[in-house]
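Worksheet: one structure, shown below.
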Amino acid sequence: MNEAEKYLLERFEQIDGDFYLNLLPLASAMEASEKWIGATVVYRALLDSILRRAKPKTYPHGAKYLHKLGRISEHISDWASIASHRRYLDSLRLNHGKKRSFWGECSDVAGAKN
C-alpha cells in the first residue's frame, strides 16, 4: 500500500474520477490501511468527477466523499504536494459554489455549508 500511495500522489492530477467502479474500492482500501493521502487523492478525484458532470442525482455520493475527506484530513499533518483540505474546500466553493443542490446535501459536513 505504501507504493500504491506513492504512485497515486505522484500522479494525482491524472486520476479520472469517472472510473468510480475501480476507484471506490481503491479509496476504501487506502482508508482501511490508513494511507490518508492516497485515500484523499482518490476521494477528491471521485468528488471532482461528480461536480464536473453536474448530475444532481449523484450529489449525495459527492457529499459522502466530502464528509470522508473532512474526517481523513484530521489524520494528515503533511499534505505533501496536494492542497490542504481547507484549500481544497475553498476551491470547491469557488468553482462549484452555485450548485445549491450539492451544498444542500453537505449540510452535515463541517465547514462545507456556504
Side-chain angles (χ1 to χ4, degrees):
M1 291 305 271
N2 289 337
E3 289 299 315
E5 183 179 52
K6 180 181 175 191
Y7 183 89
L8 290 169
L9 188 56
E10 290 171 352
R11 294 163 180 82
F12 71 91
E13 293 175 340
Q14 299 172 20
I15 300 171
D16 185 347
D18 290 359
F19 295 103
Y20 63 92
L21 288 176
N22 296 318
L23 290 176
L24 195 51
L26 177 60
S28 296
M30 286 283 159
E31 189 176 3
S33 299
E34 299 183 354
K35 299 301 176 193
W36 307 120
I37 294 284
T40 295
V41 165
V42 179
Y43 283 124
R44 284 182 181 182
L46 292 166
L47 177 54
D48 291 345
S49 172
I50 286 170
L51 292 173
R52 178 181 43 76
R53 288 182 283 129
K55 294 186 178 183
K57 72 178 186 177
T58 62
Y59 288 168
H61 297 288
K64 181 175 76 173
Y65 301 150
L66 186 57
H67 179 73
K68 283 182 175 280
L69 286 164
R71 270 194 359 246
I72 289 169
S73 72
E74 296 171 6
H75 298 281
I76 302 172
S77 58
D78 179 6
W79 289 91
S81 59
I82 66 171
S84 70
H85 183 64
R86 175 59 45 206
R87 290 183 67 197
Y88 178 72
L89 192 53
D90 289 345
S91 173
L92 287 181
R93 281 194 194 105
L94 179 67
N95 295 312
H96 302 285
K98 294 183 179 181
K99 293 179 175 150
R100 294 185 191 274
S101 55
F102 170 71
W103 294 107
E105 292 288 340
C106 298
S107 61
D108 65 337
V109 178
K113 194 159 181 151
N114 279 349

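Numbering of residues begins at 1 and proceeds along the displayed sequence. The shown structure was predicted, so the numbers you read here are calculated from the model rather than taken from an experiment.
The shortest side-chain heavy-atom distance between Met1 and Met30 falls under the 4.5 Å cut-off. Tyr88 places none of its side-chain heavy atoms less than 4.5 Å from the side chain of Ile82. Here the side chains of His96 and Leu92 are in contact, with some heavy-atom distance below 4.5 Å. A 4.5 Å side-chain heavy-atom check between Ile15 and Leu46 finds every atom pair outside the cut-off. A heavy-atom distance below 4.5 Å is not found between the side chains of Leu26 and Asn22.
Within 6.0 Å of CZ in Arg100 there are 12 or fewer heavy atoms belonging to other residues, nucleotides or ligands. Within a 6.0 Å sphere centred on CZ of Phe12, heavy atoms belonging to other residues, nucleotides or ligands number more than 12.
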### Query
Could you go step by step and tell me if Tyr20 and His61 meet the side-chain contact (heavy atoms from CB on, under 4.5 Å) rule?
CA-CA 11 Å; Tyr20 63 92; His61 297 288; over 6 Å; no
### Task
Please assess Leu47 against Phe102 for the test side-chain contact (heavy atoms from CB on, under 4.5 Å), listing each intermediate value before the final yes or no.
CA-CA 11 Å; Leu47 177 54; Phe102 170 71; 3.8 Å; yes
### Steps toward side-chain contact (heavy atoms from CB on, under 4.5 Å) verdict (Tyr59, Cys106)
CA-CA 9 Å; Tyr59 288 168; Cys106 298; over 6 Å; no
### Task
Before giving the answer on side-chain contact (heavy atoms from CB on, under 4.5 Å), spell out for Arg53 and Asp18 the whole-Å C-alpha distance, their side-chain angles and the decisive distance to 0.1 Å.
CA-CA 9 Å; Arg53 288 182 283 129; Asp18 290 359; 3.6 Å; yes
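Here the rule is side-chain contact (heavy atoms from CB on, under 4.5 Å) with His85, and of Leu69, Asp90, Ile76, Ile72 only Leu69 fits it.
Thr40 contributes a side-chain N or O that, together with a main-chain N or O of Trp36, makes up a donor-acceptor pair within less than 3.5 Å. A donor-acceptor contact shorter than 3.5 Å is absent between the side chain of Lys35 and the backbone of Asn2. A donor-acceptor pair is defined here as one N or O able to donate and one able to accept, closer than 3.5 Å; no such pair exists between the side chain of Ser91 and the backbone of Arg87. For Ser28 (side chain) and Pro25 (main-chain N/O), no donor-acceptor pair under 3.5 Å exists by modelled atom type.
Of all non-hydrogen atoms in Ser101 and Pro56, the two that sit nearest each other are OG-CB, 4.0 Å. The shortest heavy-atom contact between His75 and Arg71 is CD2-O, 3.5 Å. The two residues Trp79 and Ser84 make their nearest non-hydrogen contact at CD2-CA, 3.5 Å.
Because its NZ or CZ atom is not both nearer than 6.0 Å to the ring centre of Tyr65 and within 45° of the ring axis, Arg44 does not count as a cation-pi partner of that residue.
For the atom pair CG of Leu24 and CZ of Phe19, the computed distance is 15.0 Å after rounding to the nearest 0.5 Å. To the nearest 0.5 Å, atoms CG (Leu94) and CG (Leu89) are separated by 11.5 Å.
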Check residues 3-10 and write down every donor-acceptor pair under 3.5 Å in which the side-chain atom is one partner and the other belongs to a residue at least two apart or another chain.
from, atom 1, to, atom 2, distance (Å)
Glu5, OE2, Ile37, N, 3.3
Glu5, OE2, Gly38, N, 3.0

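Defined by atom type and a distance below 3.5 Å, a donor-acceptor pair is missing between the side-chain atoms of Lys64 and His67.
Under the 4.5 Å side-chain heavy-atom criterion for grouping Ile, Leu, Val, Met, Phe, Trp and Tyr, Leu23 is connected to Leu21 within one hydrophobic cluster.
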